[in-house]
Amino acid sequence: SQQGEEDPQALSIQEGENATMNCSYKTSINNLQWYRQNSGRGLVHLILIRSNEREKHSGRLRVTLDTSKKSSSLLITASRAADTASYFCATDAMEYGNKLVFGAGTILRVKS
Amino acid sequence: SAVISQKPSRDICQRGTSLTIQCQVDSQVTMMFWYRQQPGQSLTLIATANQGSEATYESGFVIDKFPISRPNLTFSTLTVSNMSPEDSSIYLCSVEGGPRTDTQYFGPGTRLTVL
């Protein structure tokens with residue numbers, strides 16, 4: 001079964017608001033990565049967080065990792081219309097041969 | 001990060017034909033991967049393209065249907081053979097390698113529609 005599951009499936013917010021997306025997984029991981037995909041195009045790498053890290057920041061993005069709960073969250077602050085995209089988490093786990101396994105994704109719509 | 005290009009960016013094909021997708025990277029990389037993204041779905045790994053040896057396929061994917069070539073460290077091709085409408089998907093290549101080897105970088109994808 002799929003390693004990563006995300007919620008919500010879809011999220012609609014107003015420009016300027018914060019958006020939080022969650023990812024849960026099932027096995028011990030080496031790292032967890034977040035990606036953005038605009039309108040069926042290629043994936044853009046956002047952040048990689050390692051299993052021994054708890055929080056990372058990159059601009060308006062904040063990622064947390066709770067290995068005890070096997071979950072991660074992606075927070076986008078002060079959202080913009082250009083943040084409208086699908087967001088995927090992907091886990092790198094020894095159990096899966098160190099290959100990336102993607103979650104189902106969250107569709108974010110930011111209304112201006 | 002690596003710059004990856006794919007050709008074609010999109011195509012519409014007839015049932016029973018084959019399409020070869022090319023993936024070019026601007027630097028030498030150790031690992032290259034091919035993924036499929038069916039409409040409205042997440043990404044599924046098809047295979048790992050190994051330089052100098054046969055690709056390693058994931059469960060549910062076979063070489064006869066998805067032959068892969070990897071002639072050098074910057075280039076790979078994926079062929080979708082004997083296509084059916086169920087093969088309509090976005091096909092993406094990705095690479096791992098470079099200073100931050102845990103990170104995978106993705107190409108822009110090839111949107112395939114099979115009629």
Side-chain angles (χ1 to χ4, degrees), chain A residues 1-10 21 23-25 29-53 56 58 61 63 65 72 85-109, chain B residues 1-11 21 23-25 29-50 55-61 88-113:
Chain A
S1 59
Q2 199 159 285
Q3 164 76 326
E5 296 182 2
E6 295 175 64
D7 75 89
Q9 290 185 328
M21 288 159 270
C23 171
S24 61
Y25 55 91
I29 60 171
N30 299 317
N31 63 66
L32 185 146
Q33 305 182 41
W34 284 91
Y35 289 85
R36 184 186 74 226
Q37 184 179 39
N38 290 88
S39 195
R41 297 179 188 167
L43 272 68
V44 174
H45 186 266
L46 298 176
I47 287 185
L48 180 153
I49 187 165
R50 302 189 189 283
S51 60
N52 61 353
E53 297 175 313
K56 285 188 86 167
S58 177
L61 306 180
V63 167
L65 179 65
S72 174
S86 295
Y87 291 82
F88 295 92
C89 68
T91 51
D92 176 343
M94 197 174 297
E95 179 164 336
Y96 293 91
N98 299 114
K99 299 165 193 169
L100 281 188
V101 178
F102 282 80
T106 294
I107 300 171
L108 173 65
R109 181 182 171 214
Chain B
S1 62
V3 177
I4 306 164
S5 59
Q6 283 186 234
K7 284 197 271 189
S9 59
R10 59 176 61 219
D11 207 342
I21 302 167
C23 178
Q24 179 76 53
V25 191
V29 293
T30 51
M31 307 290 284
M32 292 182 79
F33 306 92
W34 286 98
Y35 289 82
R36 180 177 73 183
Q37 186 179 26
Q38 294 176 301
Q41 302 295 314
S42 186
L43 280 76
T44 301
L45 180 64
I46 297 172
T48 302
N50 302 307
T56 305
Y57 289 84
E58 297 301 306
S59 176
F61 298 96
S88 297
S89 297
I90 298 172
Y91 292 87
L92 300 109
C93 70
S94 73
V95 305
E96 182 183 285
R100 297 189 296 167
T101 57
D102 289 350
T103 300
Q104 278 193 30
Y105 300 99
F106 282 79
T110 296
R111 184 183 290 271
L112 171 62
T113 302

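So you know, we letter chains A, B, ... as the sequences are listed, proteins then strands, and number each from 1. None of the values given here were measured: they were computed from a predicted structure.
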Task: Heavy atoms of other groups near A:I47 CD1, more than 12 under 6.0 Å - done: yes
Task: Residue pair B:Q104 / A:Q33: nearest heavy atoms and the distance that separates them - done: N-OE1, 3.6 Å
Task: Sequence-distant partners of B:R36, side chain to side chain contact (heavy atoms under 4.5 Å, CB included), two or more places apart - done: B:Q38, B:I46, B:F61, B:F66, B:S89, B:Y91
Task: Portion of B:Y35 that has a non-hydrogen atom of chain A nearer than 4.5 angstrom - done: side chain
Task: Choice from A:L100, A:I107, A:N31 maximising heavy atom contacts with chain B below 4.5 Å - done: A:L100
Open item on the list: As an exercise, state the distance from OG1 of B:T103 to NE2 of A:H45, rounded to the nearest 0.5 Å.
Closed with: 4.0 Å
- [ ] Hey, could you give me the CG/CG distance between A:L43 and B:L43, rounded to the nearest 0.5 Å?
- [x] 5.5 Å
Task: Option that, when pairs with chain A are counted at under 4.5 Å, heavy atom only, ranks first among B:Q41, B:E58, B:Q6 - done: B:E58
Open item on the list: Treating B:S42 as the side-chain partner and A:G105 as the backbone partner, does any N or O pair qualify as donor plus acceptor under 3.5 Å?
Closed with: no
Open item on the list: Please enumerate all residues that pass ring pair (Phe, Tyr, Trp, His ring centres under 6.0 Å) together with A:F88, with sequence neighbours excluded.
Closed with: none
